[in-house]
Amino acid sequence: MTCKEKLKKCKEEGTALLATNFYNFETLKGLLLAAQKTKSSLILQTSESTLHYLGIKPAKALADSMLKEYGVQGWLHLDHGSSVELVKECLNAGFDSVMIDASERPFSENIKITKEVVEIAQKYNANVEAELGYVAKLGQKQSLEPTSAVEAKTFVEETGVNALAVAIGNAHGFYKEKPYLNFERLKEISAVTNCCLVLHGSSGIPDDQLQKAISLGISKINLATETKNIFMKTLQSVLKDNREIDLRKVFPVAIDAVNTLITGKLEVINTVRHA
Ligand code: 13P
Ligand code: ZN
């Protein structure tokens, strides 16, 4: 089943896929152990900076071989792609899904570039995600203005995009105060489009709000910061008074921490079904 088909199925069933970013072999291993244990499918995501770090082809080869090794159904996705060139490179390398993020451009330009990517992705049968509205990136100020339902309807109709990231009180990175998602707006957006809706910035969103968001039409939950944080915090604490130089003895503790974190998230996400 392709990523596009799976997300469509999730949308119809009222379920969601966890889409988690990985950065290296160790974080990927932690994610896959969790998916294997909970018998979950998942989307593995790489941001542009991870692709600069790993390389596009090595990232693809690593994701493929690890999914096979752990017997997990999963797909590889470009997270927050900023250019058509990068999208093309990822599609040529065999990515199952790409995001073109032109959310900071004017509405008409966002439509134009997204439409171009949808056309390109067609021959690869790849899933295409775009973003409409302002989901603050790391270091940016959070916006209180949610995605407009009227604009979302027009955007999906004009671009033919499969998945749409929406701004409903979410932001990337840890929240300074407890977040409260705008469920009213999510309902309004869900009512006017059948497109798969995506929640970015899920780190720090309480479990009950994640579950409610899924029950109101979110079918892809993007999580990154919590994984990075637990991996590095665990390593820092292990290495604090430790002079071990055999990295194979140190990394497993951090891999386990990622496994535990993601197992918990998958359990939260997997319990949701539409009433
Ligand atoms: P967090 O880093 O806030 O979990 O957001 C992840 C994300 O949206 C990736 O696209
Ligand atoms: Zn994001």
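In what follows, every heavy atom counts, from backbone to side chain, and hydrogens, waters and symmetry copies are set aside. For ligands, and for the atoms within them, numbers begin at 1 and follow the listed sequence.
Only protein N, O or S atoms were considered, and those under 2.8 Å from the Zn ion (ligand 2) are H80 NE2, H172 NE2, H200 ND1.
At a 4.0 Å heavy-atom cut-off, ligand 1 does not touch V135 at all. Contact annotation for D79 and ligand 1: only side-chain heavy atoms (C-beta onward) come within less than 4.0 Å of the ligand. Within the 4.0 Å heavy-atom criterion, the part of H80 lying near ligand 1 is the side chain and not the backbone. Residue-level proximity to ligand 1 for S202 is carried by the backbone, the only part with a heavy atom below 4.0 angstrom.
Between the side chain of S190 and the backbone N or O of L216 there is at least one donor-acceptor pair closer than 3.5 Å.
Electrostatic pairing of D96 and K6 does not count as a salt bridge here, judged by no charged N lying under 4.0 Å from a carboxylate O.
Of the protein's non-hydrogen atoms, T225 OG1, 2.5 Å is the one closest to atom 2 (O) of ligand 1.
Every atom of ligand 1 is numbered from 1 in the order shown, and the set under 4.0 Å from a heavy atom of A224 is 1 (P), 2 (O), 4 (O), 6 (C).
In this structure, K60 fails the cation-pi test against F95, since its NZ or CZ atom is not both closer than 6.0 Å to the six-membered ring centre and inside 45 degrees of the ring normal.
Within 6.0 Å of atom NZ in K37, more than 12 heavy atoms from other residues, nucleotides or ligands are found, so the atom counts as buried in its surroundings.
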Using residues 82-89 as the side-chain source, report each donor-acceptor pair under 3.5 Å to any protein atom, sequence neighbours left out, with the distance given to one decimal.
residue, atom, partner, partner atom, Å
S82, OG, E48, OE2, 2.6
S83, OG, L86, N, 3.1

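Between the side chains of N170 and Y175, not a single donor N or O lies within less than 3.5 Å of an accepting N or O.
Ring planes of H80 and H200: perpendicular class, angle over 60° (limits at 30 and 60°).
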